[in-house]
Student: 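For reference, the structure I am asking about is given below.
Sequence positions, counted from 1, serve as the residue numbers for this chain.
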Amino acid sequence: QVPLVESGGGLVQAGESLRLSCVSSGRTIHGYAMGWFRQAPGKEREFVAGISGGGTVTDYADSVKGRFTISKDNAKNTVYLQMNNLKPEDTAVYYCASVSRVTYGTPNRNYAAYDYWGQGTQVTVSS
């Protein structure tokens, strides 16, 4: 197991920003694709953003493209999700995930491709 710990969630108003962090303890994040997913009440878990093992390829869901940015700091073993211009429909529990094998390709959008998950952090956007 690779513990992943998210932080940075909270309650904000529409149009404001948040930055989520995900720290990987016990293993480097370099070489491992990582993703952010979210799950709203009554809805399935959905892909938000992903970053390749080398950090050179990123992918975003259409609903967040242009507003969210995923990045990684290998020295800190941390992945970030900068969320700008938040909307009420972004309200959800946000999860960080990592694959278990080294890969430098395009991050997978399917949550089943990820082996390790954090506990989640709540993001609530009021209108």
Side-chain angles (χ1 to χ4, degrees):
Q1 286 293 325
V2 176
L4 300 173
V5 180
E6 303 100 331
S7 63
L11 171 64
V12 297
Q13 293 187 335
E16 294 185 340
S17 300
L18 281 174
R19 188 177 79 158
L20 305 183
S21 299
C22 171
V23 179
S24 172
S25 59
R27 190 194 72 176
T28 178
I29 62 172
H30 181 66
Y32 299 92
M34 299 191 71
W36 285 97
F37 292 77
R38 66 187 181 187
Q39 188 166 18
K43 295 187 176 181
E44 293 187 351
R45 190 168 298 191
E46 64 174 357
F47 171 81
V48 176
I51 188 165
S52 64
T56 58
V57 181
T58 57
D59 188 26
Y60 298 92
D62 288 344
S63 59
V64 306
K65 198 171 294 183
R67 299 188 297 122
F68 290 12
T69 302
I70 188 171
S71 62
K72 62 192 305 189
D73 185 334
N74 291 329
K76 296 182 178 180
N77 276 343
T78 302
V79 176
Y80 302 99
L81 184 68
Q82 177 67 43
M83 305 185 296
N84 297 328
N85 189 22
L86 282 160
K87 303 176 180 181
E89 50 263 43
D90 294 319
T91 295
V93 177
Y94 283 71
Y95 297 92
C96 172
S98 174
V99 301
S100 61
R101 295 183 178 182
V102 172
T103 175
Y104 292 94
T106 301
N108 203 310
R109 291 189 171 200
N110 188 343
Y111 69 84
Y114 294 81
D115 304 287
Y116 307 119
W117 293 83
Q119 81 289 349
T121 184
Q122 176 71 46
V123 172
T124 303
V125 184
S126 63
S127 57

Student: I'd like to know if Trp117 and Val23 are part of one continuous hydrophobic network [Ile/Leu/Val/Met/Phe/Trp/Tyr, side-chain heavy atoms within less than 4.5 Å].
Tutor: no
Student: Would a 4.5 Å heavy-atom cut-off, applied to side chains only, mark Ile70 and Val79 as touching?
Tutor: yes
Student: Can you tell me if Asn77 uses its side chain to pair, donor with acceptor, with the backbone of Ile29 under 3.5 Å?
Tutor: yes
Student: Rounded to the nearest 0.5 Å, how far apart are CG of Leu20 and CH2 of Trp36?
Tutor: 4.5 Å
Student: Would you say Glu6's side chain and Cys22's backbone share a donor-acceptor pair under 3.5 angstrom?
Tutor: no
Student: Work out which heavy atom in Pro88 is nearest to a heavy atom in Ala14; give both atom names and the distance.
Tutor: CD-CB, 4.1 Å
Student: Taking all heavy atoms of Arg38 and all of Ala92, pick out the closest pair and write down the distance.
Tutor: CB-CB, 3.8 Å
Student: Calculate, to the nearest 0.5 Å, the distance between atoms CG and OG belonging to Leu86 and Ser126 respectively.
Tutor: 10.5 Å
Student: May I ask whether Tyr80 and Met34 are part of the same hydrophobic cluster, defined by side-chain heavy atoms of I, L, V, M, F, W, Y residues being less than 4.5 angstrom apart, directly or through others?
Tutor: no
Student: Please report the interatomic distance CZ(Arg27) to OH(Tyr32), rounded to the nearest 0.5 Å.
Tutor: 5.0 Å
Student: Look only at the side chain of Arg67 and the backbone of Asn85, and say whether a donor-acceptor pair between them is shorter than 3.5 Å.
Tutor: yes
Student: Cation-pi between Arg45 and Phe37: NZ/CZ under 6.0 Å from ring centre and within 45° of the ring axis?
Tutor: no
Student: Examine distances only and state if a side-chain atom of Lys72 and a backbone atom of Ala33 form a donor-acceptor pair shorter than 3.5 Å.
Tutor: no
Student: Has Tyr111 got more than 12 heavy atoms of other residues, nucleotides or ligands less than 6.0 Å from its OH?
Tutor: no
Student: Out of curiosity, Thr58 OG1 to Phe68 CZ, how far, rounded to the nearest 0.5 Å?
Tutor: 14.0 Å
Student: State the OH-NZ distance between Tyr60 and Lys65, to the nearest 0.5 angstrom.
Tutor: 10.0 Å
Student: For the residue pair Pro107 and Tyr114, establish whether any side-chain heavy-atom pair is separated by less than 4.5 Å.
Tutor: yes
Student: Would you check if Leu18 and Met83 make a side-chain contact, meaning some heavy-atom pair closer than 4.5 Å?
Tutor: yes
Student: Is Lys87 paired with Asp90 through a side-chain N to carboxylate O contact shorter than 4.0 Å?
Tutor: no
Student: Do any N or O atoms from the side chain of Thr78 and from the backbone of Lys76 form a donor-acceptor pair under 3.5 angstrom?
Tutor: yes
Student: Treating Ile, Leu, Val, Met, Phe, Trp and Tyr as nodes and any side-chain heavy-atom pair under 4.5 angstrom as an edge, say whether Tyr94 and Val64 lie in one connected cluster.
Tutor: yes
Student: Are Val99 and Val102 connected, step by step, through hydrophobic side chains (Ile, Leu, Val, Met, Phe, Trp, Tyr) whose heavy atoms are closer than 4.5 Å?
Tutor: yes
Student: Tell me whether Tyr95 is reachable from Phe47 by hopping between hydrophobic residues (I, L, V, M, F, W, Y) whose side-chain heavy atoms are closer than 4.5 Å.
Tutor: yes
Student: Check the angle between the aromatic planes of His30 and Tyr104 and answer parallel, tilted or perpendicular using the 30° and 60° thresholds.
Tutor: perpendicular
Student: Check for a donor-acceptor pair, side chain of Asn108 on one end and backbone N or O of Ala113 on the other, with a separation under 3.5 Å.
Tutor: no
